[in-house]
Amino acid sequence: MIGEIVIVRHPVNACVPVCHTVRLSVLAEGTGALQYQWFNYVQKDGHKEVCEVAGATQPHLVIKAKESQKYSCRVNDRHFNCKISDWAHITVLDVDESGLPPRWQGEPHIAVNPKPQTLRPGARLTLRCTAFGIPHPQYQWYRNGHLLSTQTKEKLLVQQTSSRDAGTYLCAVTSVLGESWSDPADVDFMPVEPRIQAPPATFTATDKVALLIGNLNYSHYLGLLAPVMDVHELGQLLLELGFRVLSLLDLTADQMAAAVDNFIQLLDTGVYGLFYYAGHGFEHAGRNYLVAVDAPQPYNTSKCVCVQRIMRKMQDRRTALSVILLDACRTWCKQDSVPSVIQPLRPSGNTVYGYATGEDAQAYEVQDRGKSTGIFTKYLNKHILLPEKVTHVLERVSEDVDSDPLVKGKQAVEVRHTLKEARSLTDPVHSAGHSRELLLRDVCWRRANELPQKRCVTFPCGAQVEVGFSALFSNVLVVFASVKRSEPHILDCTVVLSSKPAMENAFSRQDMSGELDSLLLNGHLNTPDSTLWLCGLQTLEESLLIRVDLHYTDGKSGRHSESQRLNVGKPLVASCGLRNKAAPTMNHKAQAHTADISHRRPHEALAGTVRPSTRKAECVAQTPVGRNTPEEHDEDDMLDFLYLK
């Protein structure tokens with residue numbers, strides 16, 4: 001009787017540095033001579049397919065690992081018996097490997113140690129420990145020497161912390177070749193400041209609306225890091241304050257103008273309106289300009305967005321409070337060597353203008369505990385929940401920025417206002433008498449934040465995949481897919497997601513991947529089998545189709561693939577009619593800049609690293625005389641604007 005093939009030893013998972021040589025092996029037993037063929041996943045037409053590895057017909061496969069891949073081996077005999085090994089996941093880490101032993105044999109070696117953190121009670125805790133290892137090591141976290149039974153992954157995640165989560169954390173990394181321990185990471189909590197008792201609310205808003213814009217991937221300027229986390233965290237805090245928040249990333253000039261127009265339509269008598277921008281900026285003739293991602297070089301005021309025009313539109317709606325916050329540079333655009341001049345303007349309304357920096361000065365990004373943040377927004381987020389007059393909150397921000405040793409003497413917050421009443425962002429909403437306007441705003445705002453419903457897709461083979469959706473920003477959709485059920489004969493299921501039309505992933509830059517992990521998986525306790533990031537939804541002109549590809553091994557007939565498509569319409573801001581002009585991708589200059597950041601040694605990226613020119617419009621000083629003539633004739637209506645003191 002002819003015996004079946006038995007795979008005695010499967011290839012093992014591994015985690016290695018870039019370009020490390022890995023030897024995969026399969027050991028099989030059967031009748032007669034055995035034949036071997038190795039397979040891996042290959043990117044084709046926007047999704048991955050299982051393909052043969054050319055020339056890989058031996059029980060051993062030696063590869064130089066350049067990117068994370070999966071490999072499997074098929075074993076045949078001359079009697080048409082066939083067995084397929086388990087898939088070996090080869091994870092490639094683009095991190096510093098200088099401490100790796102010269103003749104490393106695969107024993108666990110920690111490449112990324114957890115970092116100490118100081119948190120506010122209730123904040124999210126994420127600690128990361130990543131190790132090289134062949135086979136892939138296992139992880140176990142400890143706090144104050146006590147084993148944390150549920151924390152057995154590279155990342156320790158606590159969604160909502162309390163004082164009991166304080167202590168010293170260690171991670172043990174083990175495999176059959178040995179054991180290694182991470183550096184200790186102390187987690188402390190900020191002392192709970194006594195709550196400032198707010199006097200009985202004197203002022204109320206009929207509604208609160210906020211527009212947040214962060215530009216980071218520029219066509220002709222260096223890319224930024226901080227706007228992603230700054231916009232996200234500020235948006236979460238404003239939600240706590242009862243604001244309807246519209247948060248957008250990477251907008252062209254036309255899209256920024258359309259977003260502002262939509263925002264203005266949500267304002268009305270008695271409404272609190274807040275506009276925030278993080279990105280490149282400059283100042284010309286006493287006016288501030290926001291640089292869109294498609295702004296040409298050298299820039300032109302007609303191709304950028306004038307902040308004072310936004311302010312005037314907000315006031316024309318008779319808002320009870322208008323707040324404009326700019327985390328951008330104010331470097332002068334020098335035309336014919338004439339400096340900017342702030343002219344006395346007519347006072348009007350309750351308007352607060354918060355500049356991250358002074359005239360003809362830069363705003364800075366810093367690395368704060370492994371996270372990029374604008375120094376202005378860092379302290380703005382610290383104080384924005386205080387029940388104080390808006391200007392008093394900004395004064396606290398100014399004091400903190402001024403005392404920060406990283407930017408002391410380089411960046412100073414400037415606050416201007418015509419606030420005649422002690423209005424606060426914490427003022428309650430009282431909509432009595434404005435129910436019709438509130439209903440219209442509610443419909444518009446919900447449309448811009450509407451997510452597709454979770455779907456459960458059943459494939460002909462019997463496998464069931466759950467597809468869920470999450471919104472990081474109003475124009476960024478994250479699609480998650482996880483295999484929920486499969487038949488006993490269905491093995492090694494793999495899910496791949498793609499979209500039509502294909503949407504660019506603004507977070508794919510090398511210098512952003514590690515920093516955004518906790519943000520991108522926010523709210524998902526279990527890691528999904530596949531994740532798809534869809535950015536720039538404002539450019540969507542047709543219904544969005546999500547393709548779900550299922551690859552699996554049938555125990556009887558080998559490897560198969562099946563596909564399903566989901567029509568999710570126009571989610572989030574795609575339904576709001578922002579002008580459908582796509583934001584260009586980063587230029588080579590920006591790519592070279594970000595690559596340089598991502599390859600800094602770890603000690604250079606710790607808290608306290610200042611990136612001094614990242615929010616500067618780089619071409620300002622090099623612009624030839626006469627090349628920046630404004631085309632929108634802003635000076636003609638200068639006297640119509642506010643005098644802010």
Query raised in the report: Okay, side chain of Y221, backbone of L216: is any donor-acceptor separation there less than 3.5 Å?
Result: no

Query raised in the report: Does L425 offer a backbone N or O that forms a donor-acceptor pair with the side chain of K208 under 3.5 Å?
Result: yes

Query raised in the report: Is a side-chain donor-acceptor pair under 3.5 Å present for Q297 with Y218?
Result: no

Query raised in the report: So F263 and L246, side chain to side chain contact (heavy atoms under 4.5 Å, CB included) or not? Walk me through it.
Result: CA-CA 8 Å; F263 166 62; L246 187 67; 5.6 Å; no

Report task. Would you name the heavy atoms of L248 and S474 that are closest together and state the gap between them? Result -> CD2-CB, 3.8 Å

**Report entry** Stacked cation flag R330 on Y355, 6.0 angstrom / 45 deg
**Finding:** yes

Query raised in the report: Can you name the nearest heavy-atom pair linking H284 to T301, along with the distance?
Result: CD2-CG2, 4.2 Å

Query raised in the report: So, the side chain of R317 versus the backbone of L267: is there a donor-acceptor pair under 3.5 Å, distance only?
Result: yes

Query raised in the report: Is the shortest heavy-atom distance from the side chain of E395 to the side chain of V415 under 4.5 Å?
Result: no

Report task. Report the C-alpha distance between L237 and F243 in whole Å, list the side-chain angles of each, state the deciding distance to 0.1 Å, and finish with yes or no for side chain to side chain contact (heavy atoms under 4.5 Å, CB included). Result -> CA-CA 9 Å; L237 294 171; F243 277 82; over 6 Å; no

Query raised in the report: Looking at CD of E233 and OG of S247, how far apart are the two atoms once the value is rounded to the nearest 0.5 Å?
Result: 12.5 Å

Query raised in the report: Can you name the closest pair of heavy atoms from A363 and A356 and give their distance?
Result: CB-CB, 4.2 Å

Query raised in the report: Is the backbone of D402 close enough, under 3.5 Å, to the side chain of K408 for a donor and an acceptor to pair up by distance?
Result: yes

Query raised in the report: What's the verdict on side chain to side chain contact (heavy atoms under 4.5 Å, CB included) for V231 and T377, showing C-alpha distance, side-chain angles and the deciding distance?
Result: CA-CA 9 Å; V231 169; T377 306; over 6 Å; no

Query raised in the report: Is the backbone of S219 close enough, under 3.5 Å, to the side chain of D294 for a donor and an acceptor to pair up by distance?
Result: no

Query raised in the report: How many angstroms lie between atom CG of L497 and atom CZ of R547, to the nearest 0.5 angstrom?
Result: 11.0 Å

Query raised in the report: Does the side chain to side chain contact (heavy atoms under 4.5 Å, CB included) test come out yes or no for Y379 and D404, once each step is laid out?
Result: CA-CA 10 Å; Y379 293 115; D404 192 302; 2.5 Å; yes

**Report entry** Shortest non-hydrogen separation from D230 to G374 and the atoms involved
**Finding:** OD2-N, 2.8 Å

Requested in this report: State whether the side chain of N217 and the backbone N or O of V293 hold a donor-acceptor pair below 3.5 Å, judged by distance alone.
Outcome: no

Query raised in the report: Do NZ/NE/NH1/NH2 and the carboxylate oxygens of K313 and D261 come within less than 4.0 Å?
Result: yes

Requested in this report: For residues D250 and C535, determine if any side-chain heavy atom of one lies less than 4.5 Å from a side-chain heavy atom of the other.
Outcome: no

Query raised in the report: So, does N288 use its side chain to make a donor-acceptor pair with the main chain of G281 at under 3.5 Å?
Result: no

Query raised in the report: With a 4.0 Å cut-off, would you call K382 and E399 a salt bridge?
Result: no

Query raised in the report: Is there a donor-acceptor contact under 3.5 Å from the side chain of Q411 to the main chain of Y364?
Result: yes

Query raised in the report: Could you state the interatomic distance from CG (L540) to CE (M503), rounded to the nearest 0.5 Å?
Result: 5.0 Å

Report task. Return yes if some donor-acceptor pair links the side-chain N/O of T206 with the main-chain N/O of V271 below 3.5 Å, else return no. Result -> yes

Query raised in the report: How many angstroms lie between atom CG of L290 and atom CE of M256, to the nearest 0.5 angstrom?
Result: 4.5 Å

Query raised in the report: Can you find a heavy atom in the side chain of V397 that is under 4.5 Å from one in the side chain of F376?
Result: yes

Query raised in the report: To the nearest 0.5 Å, how far apart are CG in L274 and CG in L234?
Result: 7.0 Å

Report task. Please tell me if the side chains of L212 and L238 come closer than 4.5 Å, counting only heavy atoms from C-beta onward. Result -> yes

Requested in this report: Compare all side-chain heavy atoms of V390 with those of H417 and state whether any distance is below 4.5 angstrom.
Outcome: no

Report task. Return yes when atom CZ of R318 has more than 12 non-hydrogen atoms of other residues, nucleotides or ligands closer than 6.0 Å, and no otherwise. Result -> no

Query raised in the report: Is there a donor-acceptor pair closer than 3.5 Å between any side-chain N or O of T373 and the backbone N or O of I375?
Result: no

Query raised in the report: Where does the angle between the aromatic ring planes of F282 and Y289 fall among parallel (under 30°), tilted (30 to 60°) and perpendicular (over 60°)?
Result: parallel

Query raised in the report: Closest heavy-atom contact between A574 and L537?
Result: CB-O, 3.3 Å

Requested in this report: With rounding to the nearest 0.5 Å, note down the distance linking CG in L211 to CD1 in I264.
Outcome: 8.5 Å

Query raised in the report: Are any non-hydrogen side-chain atoms of N350 and R423 less than 4.5 angstrom apart?
Result: yes

Report task. Measure across G354 and L394 and return the closest heavy-atom pair with its distance rounded to 0.1 Å. Result -> CA-CD1, 4.2 Å

Requested in this report: Report yes if some heavy atom in the side chain of L572 is under 4.5 Å from a heavy atom in the side chain of N475; otherwise report no.
Outcome: no

**Report entry** Non-hydrogen side-chain atoms of E283 and E359 separated by less than 4.5 Å
**Finding:** yes

